[in-house]
Protein chains: 4
Amino acid sequence: MGSSDTKKQLELKALQFFSENDFDRSNLNDIARALGVTKGAIYHYFSSKDDLFLASVNHLLDVMMDMFTKGLPRDIPVKGLLENLFQMEEMMIALARALGIKGDVDMYRNTLYLFLTGTKKFPQLTDRLDELYTGFIDSLENLLNAGIVRGELRRDVDARAIAFEITAFYEGALLLGAFSHKNDYTVLGPRVCSSIWRRIAADPEGEEDE
Amino acid sequence: MGSSDTKKQLELKALQFFSENDFDRSNLNDIARALGVTKGAIYHYFSSKDDLFLASVNHLLDVMMDMFTKGLPRDIPVKGLLENLFQMEEMMIALARALGIKGDVDMYRNTLYLFLTGTKKFPQLTDRLDELYTGFIDSLENLLNAGIVRGELRRDVDARAIAFEITAFYEGALLLGAFSHKNDYTVLGPRVCSSIWRRIAADPEGEEDE
Amino acid sequence: MGSSDTKKQLELKALQFFSENDFDRSNLNDIARALGVTKGAIYHYFSSKDDLFLASVNHLLDVMMDMFTKGLPRDIPVKGLLENLFQMEEMMIALARALGIKGDVDMYRNTLYLFLTGTKKFPQLTDRLDELYTGFIDSLENLLNAGIVRGELRRDVDARAIAFEITAFYEGALLLGAFSHKNDYTVLGPRVCSSIWRRIAADPEGEEDE
Amino acid sequence: MGSSDTKKQLELKALQFFSENDFDRSNLNDIARALGVTKGAIYHYFSSKDDLFLASVNHLLDVMMDMFTKGLPRDIPVKGLLENLFQMEEMMIALARALGIKGDVDMYRNTLYLFLTGTKKFPQLTDRLDELYTGFIDSLENLLNAGIVRGELRRDVDARAIAFEITAFYEGALLLGAFSHKNDYTVLGPRVCSSIWRRIAADPEGEEDE
DNA sequence: CATGAATGAGCCTTCATTCAT
DNA sequence: GATGAATGAAGGCTCATTCAT
């Protein structure tokens with residue numbers, strides 16, 4: 001029932017809507033208006049408001065899973081990775097392109113909101129998120145280990161801990177960004193990354209002489 | 001109207017309730033039952049459901065503000081701080097005692113949910129949260145600077161960045177804990193803290209041989 | 001929750017309403033107006049529209065069970081019973097009084113509608129109706145057997161069949177009354193009863209000399 | 001619009017559907033699926049859901065009118081009629097054949113439901129039903145009178161009352177069958193018919209010794 | 001102070017009907 | 001003829017809020 005294209009379009013628009021608006025505080029009239037269709041059309045493609053939300057989040061999870069786990073290169077310099085981690089615009093553009101929508105500057109932060117509230121309301125999402133984050137941390141760990149083998153990083157680096165640290169710090173920085181306007185992660189983020197780099201690099205000075 | 005004590009008690013119980021239950025998915029009948037009073041009683045002390053929520057969160061913010069900014073010691077060893085960061089039970093007990101309630105193991109994570117959804121529903125909370133996090137990061141920065149002056153930490157440490165890093169990493173680790181059961185922050189957290197310590201300590205080896 | 005009296009009143013009014021109006025074609029606004037309360041009040045006492053309907057019908061079933069099975073006399077002349085069967089007004093008044101409402105002339109016929117549609121929508125009602133009709137037929141059979149023993153009826157009367165016949169005929173006559181205005185059961189009913197009487201009486205002539 | 005044959009086929013299928021399913025609880029998607037066509041096709045042949053229902057029931061009424069009034073033989077032995085009244089399967093097969101569908105054992109009972117709910121929803125059906133039942137009772141009366149003239153029945157038989165009794169009892173027995181599983185009309189029905197026979201036959205004994 | 005019955009606006013959902021293809 | 005995507009009015013139900021007691 002319903003063309004698959006239209007359904008995907010609705011999922012994407014709903015994703016954008018739900019990342020900006022509270023699920024419970026939004027009524028279907030507003031949602032329908034935001035998606036550019038009528039209430040009935042939504043029910044033509046989705047069985048309920050919950051279903052629409054879950055389809056949207058699962059769509060996002062699919063894309064992020066591709067992008068951040070399967071899609072990551074196996075062997076890039078760790079230095080570049082850390083330097084680009086807080087080039088938010090680049091990351092955002094990449095994700096937006098993968099989703100096929102035009103993103104905005106709060107997109108990343110909003111996904112956090114989507115995930116935290118989503119798992120509270122729909123515990124079945126937890127497994128997929130677990131997979132996503134575990135996949136991301138695994139990929140990072142592989143990259144770090146490759147860096148150690150390659151001689152870019154010190155031999156005594158605890159790759160798993162660093163991978164977890166980078167991931168948790170990144171998410172936490174975005175989270176703080178939602179709360180705090182006084183601590184700008186676009187400024188502090190790179191400083192932290194540079195500090196992490198100095199700790200794990202085999203030759204921090206040689207690389208840092210800018 | 002109503003004794004101030006009773007009102008504070010209701011705020012605390014409501015806080016516990018809202019940290020475990022979604023605001024919009026809870027109705028006042030359930031809330032009243034959870035608080036051990038009737039609906040009418042709630043309206044004696046609070047002007048609305050929103051008001052009850054805001055009073056609760058503001059109460060939590062007051063306590064956390066005291067505990068994590070004004071209440072922090074001016075001069076403790078950074079090493080101990082990092083070692084205790086993921087002694088979640090201790091932290092939790094301290095916060096629960098400060099609130100005068102019995103906490104549970106998910107309390108911290110739940111406050112994150114409370115804050116993230118709370119700011120989405122009530123943007124006026126953002127300023128207070130900003131104050132809390134900024135205060136916390138400032139305090140940490142002061143502690144780190146004191147450590148530098150004291151000679152515990154290296155002179156080239158970027159205190160602001162490290163304070164931000166610790167805070168963001170901590171929040172991020174708790175957040176990931178809500179999503180991922182495969183990455184246990186009670187195990188990985190201390191490994192990361194130890195890694196941070198080795199990076200900033202003036203004499204990491206000397207301190208570690210205990 | 002809610003006073004038991006108010007709830008019983010609502011059940012009775014709903015009974016009257018549903019016996020006159022189609023369940024699915026009535027919306028809760030109309031029902032509420034007919035019951036003299038608001039929609040919310042109904043949901044204060046009943047958990048759903050279905051619940052309201054079932055409570056009403058079960059209330060009716062309780063009263064009819066008392067009246068037509070437990071409440072029937074053990075030993076009355078069969079002749080009088082047959083003569084009064086189609087004194088609808090008397091029967092109706094008795095049922096209305098037992099229900100505590102003022103009845104109207106279509107009350108009996110309407111209960112049939114209530115039962116037939118009720119069992120289609122709520123199969124769980126079937127057992128209670130089975131009990132009611134079986135109880136009624138049993139009581140009739142007992143009365144007939146008492147008549148045989150007493151010498152009022154012929155010894156070769158098939159008491160069970162006659163009890164079933166009277167019951168089925170009675171219901172059928174009311175049912176036809178719902179469809180057909182040309183066959184008036186208040187006229188034909190007594191003629192049939194007199195015919196049945198002549199068949200089962202030990203001495204039809206002696207009794208019939210009017 | 002639409003071939004007349006297709007329309008008749010749809011009416012028949014709809015009849016079967018509505019005799020098994022509640023009108024208001026069935027939606028047009030389910031109905032269309034049950035009829036083996038699309039929603040659009042239904043609207044080609046019928047102007048509305050109501051129209052489809054009414055066309056179906058009127059079709060049934062046409063067939064029953066033919067079968068039970070005009071179609072009845074003018075002069076058959078009353079004894080055989082009474083003996084066959086509760087040969088439900090035979091009756092059902094006859095009606096199903098007349099309709100051109102395959103019937104099932106609940107068909108008769110279901111038509112009762114169809115008629116009772118149908119007249120509540122569409123009062124305009126009442127007249128046709130009145131005609132059907134009156135026609136049937138008239139035919140029965142004629143048969144009984146023919147039996148009297150022929151000498152099969154007693155001269156003092158109240159033909160109108162007996163015709164009404166048989167009809168009402170028959171409908172009532174089917175109705176009770178819908179409510180009560182403990183009183184089987186296939187067993188009790190023939191016993192009642194035999195009792196009626198003994199009452200109206202000119203020579204009950206002579207006829208019964210077979 | 002406290003209660004909880006009652007209110008009614010607003011929500012999610014259904015579904016008969018329409019209409020572009 | 002036939003389709004099924006889209007519409008939008010209407011319905012069941014929830015629940016924050018009020019108020020008579």
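So you know, we letter chains A, B, ... as the sequences are listed, proteins then strands, and number each from 1.
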Touch class at under 4.0 angstrom, heavy-atom based, for D/S47 against every strand present: nothing

salt_bridge(D/K49, D/D24) N-O dist < 4.0 Å: no

To the nearest Å, how far apart are [X] [atom1] and [N] [atom2]?
X: C/I31; N: F/dC13; atom1: CD1; atom2: P; value: 10 Å
X: B/L28; N: E/dT3; atom1: CG; atom2: P; value: 14 Å
X: A/K7; N: F/dA5; atom1: NZ; atom2: P; value: 12 Å
X: D/D51; N: E/dT18; atom1: CG; atom2: P; value: 12 Å
X: A/L52; N: E/dT13; atom1: CG; atom2: C1'; value: 14 Å
X: C/I42; N: F/dT14; atom1: CD1; atom2: P; value: 13 Å
X: B/F46; N: F/dT17; atom1: CZ; atom2: P; value: 13 Å
X: C/F23; N: F/dG11; atom1: CZ; atom2: P; value: 14 Å

Complementary nucleotide for E/dT21 - Watson-Crick or wobble, under 3.5 Å: F/dA2

Side-chain H-bond candidate by donor/acceptor type, A/D22 with A/Y113, under 3.5 Å: yes

Exercise: do A/K120 and B/N110 side chains pair donor with acceptor under 3.5 Å: yes

CG on A/L35 to OG1 on A/T6, rounded to 0.5 Å: 12.0 Å

Nearest-nucleotide 5' precedence on DNA chain F, B/N29 against C/S48: C/S48

Whichever of D/A41 and C/D50 has its nearest DNA chain F nucleotide further upstream toward 5': D/A41

Nearest-nucleotide comparison on DNA chain E, the residue closer to the 5′ end among A/R25 and C/G36: C/G36

If you check every side-chain atom of [X], which of [options] has the closest atom?
X: B/T38; options: E/dT7, E/dT3, E/dT17; answer: E/dT3
X: A/N27; options: E/dC11, E/dT7, F/dG11; answer: E/dC11
X: D/H44; options: F/dT17, F/dT3, E/dC12; answer: F/dT3
X: B/K49; options: E/dT13, E/dA6, F/dT17; answer: F/dT17

Phosphate OP1/OP2 of E/dA2 contacted by B/Y45 side-chain N/O (<4.0 Å): yes

Quiz item: D/K39 side-chain donor-acceptor pair to E/dT17 base, under 3.5 Å: yes

Rounded distance in Å between the C1' positions of E/dC1 and F/dT21: 13 Å

Ring centres under 6.0 angstrom apart (D/F53, D/F46): no

